[in-house]
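Reviewing the structure listed below.
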Amino acid sequence: PLTVGALVSGVLLIGAVIVWELRSKAPMLDPRLFRHRGLATGSAAMFLQFLAMFGFFFVSVQYLQLVLGYGALKAAGGLFPMSMVFVVISPFAATLSQRYGLRIVGGTGLAIAAAGFGILLTVDANSGYWLFLASSLVLGLGMALAMTPATNAIVASLPRAKQGVASAVNDLSRELGAAFGVAIIGSAFNT
């Protein structure tokens with residue numbers, strides 16, 4: 001009852017904020033801005049990417065420590081190759097997006113990330129590190145390709161005067177996705 005009550009209260013509070021913002025002469029975040037396809041789809045894509053990525057981080061560190069017996073530093077090092085993929089590939093995502101379009105590069109990135117999760121589904125207690133590494137590298141490649149187009153879609157959807165709002169929506173999408181990822185994937189993992 002406490003959890004359901006908190007969820008219902010949260011939905012009611014969000015509804016109240018939306019009504020307030022719609023009636024305000026100078027809203028902090030006008031809900032009508034989400035009619036812009038780039039803002040709506042970009043923030044949804046960013047939310048889902050961070051939900052998946054932080055859920056992955058939460059579970060993968062526990063897998064490396066509790067199943068493979070790694071210490072904290074070695075577990076962090078086990079995720080380092082994925083970070084290097086981000087560092088190397090992310091700068092190319094903007095160039096690829098300009099050449100082929102946000103939808104194609106972002107969609108391809110999401111498909112590659114899904115393939116990384118598909119590989120991760122085959123990891124079990126006896127798989128060892130190498131299969132986990134393969135899944136994290138593929139996942140890192142997909143996320144590196146998908147994040148820049150999502151951010152660009154958000155920022156490009158609003159005029160120059162609203163760039164602060166676009167940046168805030170981008171950050172909020174990331175933070176909410178991360179929080180939900182840890183909560184949802186963590187709960188599923190614990191169950």
Output all residues satisfying side chain to side chain donor-acceptor pair (under 3.5 Å) with [X], sequence neighbours left out; order by chain, then residue number.
X	result
Asp124	Ser127
Ser43	none
Asn152	none

What's the spacing between [X] [atom1] and [Y] [atom2] if we round to 0.5 Å?
X	Y	atom1	atom2	result
Leu102	Ile154	CG	CD1	11.0 Å
Ser157	Leu33	OG	CG	8.0 Å
Met82	Leu141	CE	CG	10.5 Å
Asn126	Leu131	CG	CG	11.5 Å

| query | Hey, is CG on Leu121 packed in by over 12 heavy atoms from elsewhere, all under 6.0 Å? | reply |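 Counting other residues, nucleotides and ligands, CG of Leu121 exceeds 12 neighbours.
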| request: Would you list the pairs meeting ring-ring contact (aromatic ring centres under 6.0 Å, His included) in which at least one residue belongs to residues 39-70, sequence neighbours left out? | output: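 For residues 39-70: Phe47-Phe180, Phe50-Phe54, Phe54-Phe57, Phe56-Phe132, Tyr63-Phe132.
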| query | Applying ring-ring contact (aromatic ring centres under 6.0 Å, His included), which residue pairs with at least one partner in residues 97-126 are found, sequence neighbours left out? | reply |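 Qualifying pairs, neighbours excluded: none.
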| message | By the side-chain hydrogen bond (donor to acceptor under 3.5 Å, both in side chains) test, which pairs, at least two apart or in different chains, include something from residues 134-149? | response | none
| message | Run the side-chain contact (heavy atoms from CB on, under 4.5 Å) test on Leu110 and Gln49 for me, step by step, so that the C-alpha distance in whole Å, both residues' side-chain angles and the decisive distance to 0.1 Å come before the verdict. | response | CA-CA 8 Å; Leu110 291 174; Gln49 289 172 56; 3.7 Å; yes
| query | Where is the tightest heavy-atom contact between Leu158 and Gln163, given as atom of each residue plus distance? | reply | O-NE2, 2.9 Å
| said: Restricting to non-hydrogen atoms, name the atom on Ala72 and the atom on Gln65 that form the minimum distance, rounded to 0.1 Å. | reply: CA-NE2, 3.1 Å
| task | Measure from the side-chain N and O atoms of Thr122 to the backbone N and O of Ile119, and report whether any donor-acceptor pair falls under 3.5 Å. | result |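 Indeed, once roles are kept as given, a pair shorter than 3.5 Å links the two residues.
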| said: Tell me whether Thr108 contacts the main-chain N or O of Ile104 through its side chain, where contact means a donor paired with an acceptor under 3.5 Å. | reply: yes
Kindly work out whether a path of hydrophobic side-chain contacts (I/L/V/M/F/W/Y, heavy atoms less than 4.5 Å apart) joins [X] to [Y].
X	Y	result
Trp130	Leu139	yes
Phe86	Val105	yes
Met28	Phe34	no
Ile18	Leu172	no
Val88	Leu145	yes

| Do Arg32 and Leu22 pass the side-chain contact (heavy atoms from CB on, under 4.5 Å) test, and can you show the C-alpha distance, the side-chain angles, and the key distance before you say yes or no? | CA-CA 8 Å; Arg32 291 176 284 257; Leu22 286 171; 3.4 Å; yes
Side-chain contact, heavy-atom cut-off 4.5 Å: [X] with [Y]?
X	Y	answer
Val155	Ser167	no
Arg174	Thr151	yes
Val11	Leu7	no

| request: Before giving the answer on side-chain contact (heavy atoms from CB on, under 4.5 Å), spell out for Met46 and Glu175 the whole-Å C-alpha distance, their side-chain angles and the decisive distance to 0.1 Å. | output: CA-CA 10 Å; Met46 192 63 72; Glu175 292 170 17; over 6 Å; no
